[in-house]
Amino acid sequence: MFRGLAVAMLALALLIAGCGGPSDAEAERNAYVAAIEQARATLSESIAKVGDDAPPTATPRSDAEALALAERAAAEAREAVVAAKPPAEAAAAHRRLVGGLRGYERALSRARRLSIKSDAAAAGDIRAALDETIAKRSLEVDRAIAAIDRALANPG
């Protein structure tokens, strides 16, 4: 979905390059799309890594350590998105994207805190609750990205 927009924008940029190069507005859109895509990819890899790296005999402490890494990655992704300057037509969707990323951070932070205080028997319940929350936040983020796609495809 978002990758399709990036490819379309790259094709457009290449087409325009033959005509003297992209305008300032197009260059800003391209930079914005690249920044958002990088943040999304980094966060997706980090979230997937939490699940992939969890040993079958994970302890609450090892869960908390893995969650702390994912929480930092979510914070970095959010900070990168906040630093990206959205085109005016994407500003509202950009704010929703930032909110969705904050939701990731809060979910990871809560799971990390619960892991620190829990015993091994509660770890499965904590992971299940985190999976459910991450799925909800992913939907929020996906919807915000789709709104950004629409806004950039139909500017002003």
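None of the values given here were measured: they were computed from a predicted structure. For this chain, numbers begin at 1 and follow the sequence in order.
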To the nearest 0.5 Å, what is the distance between [atom1] on [X] and [atom2] on [Y]?
{"X": "R78", "Y": "L101", "atom1": "CZ", "atom2": "CG", "result": "8.0 Å"}
{"X": "L43", "Y": "Q38", "atom1": "CG", "atom2": "CD", "result": "11.5 Å"}
{"X": "R40", "Y": "E45", "atom1": "CZ", "atom2": "CD", "result": "8.5 Å"}
{"X": "E37", "Y": "S44", "atom1": "CD", "atom2": "OG", "result": "8.5 Å"}
{"X": "D24", "Y": "R29", "atom1": "CG", "atom2": "CZ", "result": "11.5 Å"}

Pairs touching [range] that satisfy ring pair (Phe, Tyr, Trp, His ring centres under 6.0 Å), sequence neighbours left out:
{"range": "residues 75-105", "answer": "Y32-H94"}
{"range": "residues 109-155", "answer": "none"}
{"range": "residues 128-154", "answer": "none"}
{"range": "residues 107-147", "answer": "none"}

Residues forming a side-chain hydrogen bond (donor to acceptor under 3.5 Å, both in side chains) with [X], sequence neighbours excluded:
{"X": "R143", "answer": "none"}
{"X": "S118", "answer": "none"}
{"X": "E79", "answer": "none"}
{"X": "R61", "answer": "E65"}

Exercise answer: donor-acceptor pairs, residues 130-137 side-chain atoms, under 3.5 Å, sequence neighbours excluded:
residue : atom : partner : partner atom : Å
T133    : OG1  : A129    : O            : 3.0
R137    : NH1  : E140    : OE2          : 2.6

- Any donor-acceptor N/O pair, D119 side chain to A122 backbone, under 3.5 Å: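 Pair found, side chain donor or acceptor close to backbone of A122.
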- With clusters built from Ile, Leu, Val, Met, Phe, Trp and Tyr whose side-chain heavy atoms come within less than 4.5 Å, directly or transitively, what are the remaining members of the cluster of L139, listed by chain and number?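 None, because no other hydrophobic side chain comes under 4.5 Å of this residue.
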- Kindly write out the residues that satisfy side chain to side chain contact (heavy atoms under 4.5 Å, CB included) with A64, not counting sequence neighbours, or none if the list is empty.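 A64 satisfies side chain to side chain contact (heavy atoms under 4.5 Å, CB included) with R112, S115, I116 only.
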- Item | Contacts of R110 that satisfy side chain to side chain contact (heavy atoms under 4.5 Å, CB included) - sequence neighbours left out |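 Partners of R110 under the side chain to side chain contact (heavy atoms under 4.5 Å, CB included) test: R113, L114.
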